[in-house]
Amino acid sequence: MTRTEIKQLLSSYTLGETVNIKGWVKSSRQRFVHINDGSTINNIQAVLDIDTMDEALLKKITVASALSIVGKVVESQGSGQEIEIEVESVEVLGEADPEEVRKTILQPKKHNLDTLREQAHLRFRTNLFGAVFRIRHSVSYAIHKYFNDRGYYYIHSPIITGSDAEGAGEMFRVSNLDPKNPPLKEDGSVDWSEDFFGKETHLTVSGQLEAELAALAMGKVYTFGPTFRAENSNTARHLAEFWMIEPEVAFNDLKDNMDLAEDFLRYVCRYVMENNADDLKFLNDREVKEDQQKPTAERNEMCLLDRLKFVADNDFVRLTYTEAIDVLRNSKPYKKKKFKFPVEWGTDLQSEHERYLVEKEYKKPVILTDYPASIKAFYMRSNDDGKTVAAMDILFPGIGEIIGGSQREERYDVLLQKCEEFDIPKEEAWWYLDTRKYGTVPHAGFGLGFERMVMFVTGMTNIRDVIPFPRTPKKAEF
Ligand code: 4AD
Ligand code: MG
């Protein structure tokens, strides 16, 4: 008999038909066993005929055990579900010792997120993480669909790279030299020319530079891959390994770039609302319940579902960095000296400033543009004022920066000059510079932090809880 998935069964069934269900026991109470197979957050209730059942078999039907059940679909007698299964036969596919289960998060009760993280190998089985990872899948699919439907090509940028795209010294080295006995140069330093690739190589921090090469031939492209940053940021918004989506479009300027990013983010929110209703409702209700336990000041002003709808339906606020500095300097927290970090033209905005703009001043996603050149990457296009570049950051409520991007410097001479200012050797950036020699055109792109997007659509507040196996300083378990 072929297996029916629970999601399928709940969405279309015929009363009286016999089906085969396979899944894990979530909970059981006397004759009632709740089974989940991961296809949906919803369980199916199986009703056992305990009077006639083999005692030894019955004993094995415990929380977390895996069952194959054949039975008849009947209208449910109890409340909470439309149908249930009148069990005809049960096979225990995998037993789960209750003593062992009690030591784990499989025990059906509330566990805190830290404990769940320590048992990341089991947390897929919880309602919460089932919901989060089904939505993570959906967001990923929505992203590919968005670009595919609009004629973009998916480019696989390299994971091992010999270049440092962002010009930042925060990369993980890739090497197969013997760490105890590396080949040395005369001056005593490691001779990387003896290494696997004949040069120093690292894990990529971004696929942007490669995406630009592709865009300058194929027009509209995007990357979607893992990126790695060895910054020692132990925050709820940073991972050492995270996924990034980087569209890059020939002939686009900064305004086109903003329009694309805004349309794209709103599309993803809509997609999840339309396709993940059950999981979203679960997450929404969970958040509302948690909020009730918190002091009013710490509660969400809008519930998760309203936040998604709000982003999907409303235009983002757009202002320049220079305007933002003015707004901040006129703000209450600035005047009352509540900000920890200075607000000064030329310094990077700190998360307290970004949060003030998004959560207090505008109460909307904000796109900040035209940052000082000195605090942004070398490849951003210089503005005519000589001080700022055509950069854009998108800030989201509860998240902070979700997107970073810019119009790119397409003028060869200006780019060469920038490389010099940023100490990027011409010999290393030759291939990037080359694209500005053969039919250069204005172009623009951005990078969306995938996990930050998943945080926003699930309402999870720690980035470690939206990726199956988080990589953070001192943590690479599983
Ligand atoms: O602003 P970033 O550094 O931009 C770039 O890498 C550009 N090359 C993008 C481009 O223009 N094509 O990173 C982009 C986004 C950030 O806005 C943030 O959402 C996310 O990536 N991000 C991180 N997410 C999780 N953990 C980290 N350590 C992150 N660093 C950046
Ligand atoms: Mg950034």
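For ligands, and for the atoms within them, numbers begin at 1 and follow the listed sequence.
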From the options Q208, R237, R229, M380, select the one whose nearest heavy atom is closest to atom 6 (O) of ligand 1. R229

Using a plain distance cutoff, I'd like to know if S406 has any nitrogen or oxygen under 3.5 Å from a nitrogen or oxygen of ligand 1. no

Would the number of heavy atoms belonging to other residues, nucleotides or ligands and lying under 6.0 Å from CZ of F172 be above 12? yes

Taking only heavy atoms of G404 into account, list the atoms of ligand 1 that are under 4.0 Å away from them. 1 (O), 9 (C), 10 (C), 11 (O), 17 (O)

Apply the test side chain to side chain contact (heavy atoms under 4.5 Å, CB included) to residues F339 and L328: give CA-CA distance (whole Å), side-chain angles for both, the deciding distance (0.1 Å), then the verdict. CA-CA 10 Å; F339 287 136; L328 288 166; 4.0 Å; yes

Test R411 against every option in Q417, K418, R381, R436 by the side-chain contact (heavy atoms from CB on, under 4.5 Å) rule and name the one that passes. R381

When the ring centroid of Y321 is compared with that of W345, is the distance short of 6.0 Å? yes

Any nitrogen or oxygen of E401, side chain or backbone, less than 3.5 Å from one on ligand 1? yes

Any idea which of F396, F228, F242, Y379 brings a heavy atom closest to atom 24 (N) of ligand 1? F242

Modelled atom types, side-chain donor and acceptor of Q208 and Y379, under 3.5 Å: yes

Of the backbone atoms (N, CA, C, O) and the side-chain heavy atoms from C-beta on, which set of H238 has a member under 4.0 Å from an atom of ligand 1: side chain, backbone, both, or neither? both

Atom indices of ligand 1, in the order listed, that fall short of 4.0 Å to a heavy atom of I403: 17 (O)

Ligand 1 to M244, heavy atom cutoff 4.0 Å, flagged ligand atoms 6 (O), 13 (O), 14 (C), 15 (C), 21 (O)

Heavy-atom contacts with E231 under 4.0 Å: which atoms of ligand 1 show up? List them by number with element. 28 (N)

Using ring centroids (six-membered ring only for Trp), state whether F124 and F133 fall under 6.0 Å. yes

I'd like to know whether ligand 1 has R408 as a neighbour, heavy-atom separation below 4.0 Å. yes

Would I399 count as a contact of ligand 1 if the rule is a heavy atom under 4.0 Å away? no

F469 CZ: over 12 foreign heavy atoms closer than 6.0 Å: yes

For a quick check under 3.5 Å, do S206 and E246 share a side-chain donor-acceptor pair by atom type? yes

With the Mg ion (ligand 2) as the point of reference, which N/O/S atom of E401 is the closest? OE2

Taking the non-hydrogen atoms of M453, is any one of them nearer than 4.0 angstrom to ligand 1? no

Short N/O distance, under 3.5 Å, between L448 and ligand 1? no

Using the benzene-type ring in the case of Trp, are the ring centres of Y146 and H144 under 6.0 Å apart? no

